[in-house]
Amino acid sequence: MTRIRLFDHLVLMLGVFIMVAPVVVAFMTSTHEAADIHRNGLSLTWGGHFTETYDKVLTRKGGFTGEITGARMIWNSLILGVGFAAGKIVLSMLAAYAIVYFRFRLGTLFFWMIFTTLLLPLEVRIVPSYEVMNKLALTNTYTGLIVPLLASATGTFFFRQFFKSVPEELLEAARIDGAGPVKFFIDVLVPLSRTMIAAIFIIMFVYGWNQYLWPTLMTTDERFFTLVRGIKQILLVWVGSNIPDYNEAFALAILAMLPPVMIVLIFQRWFIKGLTESDK
């Protein structure tokens with residue numbers, strides 16, 4: 001038994017090393033100057049330029065217009081991640097509530113029609129989505145960045161399964177107390193769904209935060225550039241004898257990891273309960 005436990009721990013330690021090692025290398029490399037990185041490649045030693053590099057990427061204005069900062073790109077990514085996660089949760093909960101508790105004839109058919117949208121990821125519908133946003137003059141806006149991403153069945157599926165596990169006695173008790181559909185939803189279902197909401201929020205926040213293709217298509221104004229896109233922009237600055245600011249790109253990559261990691265750490269307990277809990 002002890003040997004099995006030792007083997008399990010070795011496997012876990014190996015997995016941790018494989019996942020953490022690239023982050024450590026990126027962080028250490030970000031403390032070197034760009035010329036050193038270009039000449040010597042990645043590094044596992046401390047470069048001594050930590051404060052200078054991270055202060056520069058957060059506060060120095062740059063880009064083609066000379067107006068964008070790393071802090072602004074982080075803010076844009078936060079708006080996209082939080083707006084996408086919150087909007088997805090609201091729409092998914094309302095759709096799942098209607099499908100489960102409003103017994104209309106074609107409810108199951110509508111659910112499967114919504115579910116089939118999982119077969120149409122953003123990359124498949126990106127051109128018509130962009131055409132719609134462009135005609136509505138929503139390019140280079142937060143609305144245009146967030147709204148088209150909300151059309152997905154993932155959250156609706158999870159909330160539908162969760163609502164179906166809620167005892168019918170709660171609905172009957174609410175009816176006896178005179179609670180209407182809105183009151184039952186807000187006062188009963190929403191509090192019961194806290195762990196599921198936390199789990200879906202984490203998944204959707206990370207998905208929205210890491211978006212690259214859609215923000216690249218929707219934003220030509222640097223004021224709306226997200227952090228993930230900003231990293232790519234830095235690596236495209238090879239002009240003449242200039243070299244890309246590799247240290248700044250690595251610094252932005254490290255900063256891009258922090259909010260999703262913090263969200264997971266803060267809501268970790270709720271996240272696990274939301275994905276595994278079935279008894280109320």
Side-chain angles (χ1 to χ4, degrees), residues 78-122 124-125 129 132 142-143 145-211 214 259-260 262-280:
L78 281 173
I79 292 176
L80 176 58
V82 173
F84 171 68
K88 175 79 74 172
I89 288 171
V90 172
L91 287 179
S92 299
M93 290 189 73
L94 292 174
Y97 180 54
I99 291 170
V100 173
Y101 289 98
F102 290 81
R103 316 279 183 171
F104 51 96
R105 182 183 300 176
L106 300 177
T108 302
L109 175 62
F110 286 140
F111 167 73
W112 286 111
M113 289 174 62
I114 295 173
F115 190 77
T116 53
T117 61
L118 289 175
L119 304 175
L120 297 173
L122 176 65
V124 175
R125 51 187 171 85
S129 297
V132 173
Y142 294 123
T143 303
L145 276 174
I146 296 171
V147 171
L149 298 177
L150 302 181
S152 172
T154 308
T156 304
F157 172 76
F158 281 112
F159 280 115
R160 174 182 178 269
Q161 298 304 111
F162 184 84
F163 290 163
K164 287 175 72 70
S165 67
V166 175
E168 287 287 338
E169 289 80 3
L170 285 177
L171 177 60
E172 296 300 327
R175 286 174 176 170
I176 292 173
D177 290 341
V182 176
K183 186 173 180 61
F184 174 71
F185 177 75
I186 296 175
D187 293 347
V188 178
L189 286 183
V190 172
L192 283 176
S193 305
R194 285 178 298 180
T195 54
M196 180 60 68
I197 290 173
I200 298 298
F201 181 85
I202 292 174
I203 295 172
M204 298 306 168
F205 175 83
V206 173
Y207 178 80
W209 176 272
N210 290 328
Q211 279 293 314
W214 181 248
M262 291 176 62
I263 290 291
V264 171
L265 290 178
I266 293 172
F267 296 104
Q268 182 179 17
R269 183 171 59 87
W270 283 17
F271 176 71
I272 295 173
K273 288 182 64 178
L275 294 182
T276 60
E277 188 179 65
S278 59
D279 297 329
K280 307 295 177 290

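Values in this document were obtained by computation on a predicted structure and should not be read as measured data.
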Minimum heavy-atom distance between [X] and [Y], given as atom pair plus value:
{"X": "Phe205", "Y": "Gly81", "result": "CD1-C, 3.5 Å"}
{"X": "Phe163", "Y": "Leu189", "result": "CD2-CD2, 4.1 Å"}
{"X": "Met204", "Y": "Phe84", "result": "O-CD2, 3.1 Å"}
{"X": "Pro191", "Y": "Ile186", "result": "CD-O, 3.2 Å"}
{"X": "Ile146", "Y": "Ile79", "result": "CD1-O, 3.7 Å"}
{"X": "Arg160", "Y": "Ala96", "result": "N-CB, 3.5 Å"}

Any heavy-atom pair between the side chains of [Y] and [X] that's under 4.5 Å?
{"X": "Leu192", "Y": "Leu170", "result": "yes"}
{"X": "Glu172", "Y": "Arg175", "result": "yes"}
{"X": "Leu94", "Y": "Phe185", "result": "yes"}

Check: [Y] main-chain N/O paired with [X] side-chain donor or acceptor under 3.5 Å:
{"X": "Ser165", "Y": "Phe162", "value": "yes"}
{"X": "Trp209", "Y": "Leu80", "value": "no"}
{"X": "Tyr101", "Y": "Pro181", "value": "no"}

- Parallel, tilted or perpendicular: rings of Phe102 and Tyr97 (30°, 60°):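 If you compare the ring of Tyr97 with that of Phe102, the planes turn out perpendicular.
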
So, taking the atom named [atom1] in [X] and the one named [atom2] in [Y], what distance separates them when rounded to the nearest 0.5 Å?
{"X": "Ile200", "Y": "Thr195", "atom1": "CD1", "atom2": "OG1", "result": "10.0 Å"}
{"X": "Lys88", "Y": "Thr154", "atom1": "NZ", "atom2": "OG1", "result": "5.5 Å"}
{"X": "Phe184", "Y": "Asp177", "atom1": "CZ", "atom2": "CG", "result": "11.5 Å"}

- side-chain hydrogen bond (donor to acceptor under 3.5 Å, both in side chains) involving Asn210 - partner list, sequence neighbours excluded: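 Here no residue qualifies.
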
- Audit row: Ile263, Phe201, side chain to side chain contact (heavy atoms under 4.5 Å, CB included) steps and yes/no: CA-CA 9 Å; Ile263 290 291; Phe201 181 85; 4.3 Å; yes

- If you draw a 6.0 Å radius around CZ in Arg194, do more than 12 non-hydrogen atoms from other residues or ligands fall strictly inside?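 It does not: Arg194 CZ has 12 such atoms or fewer within range.
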
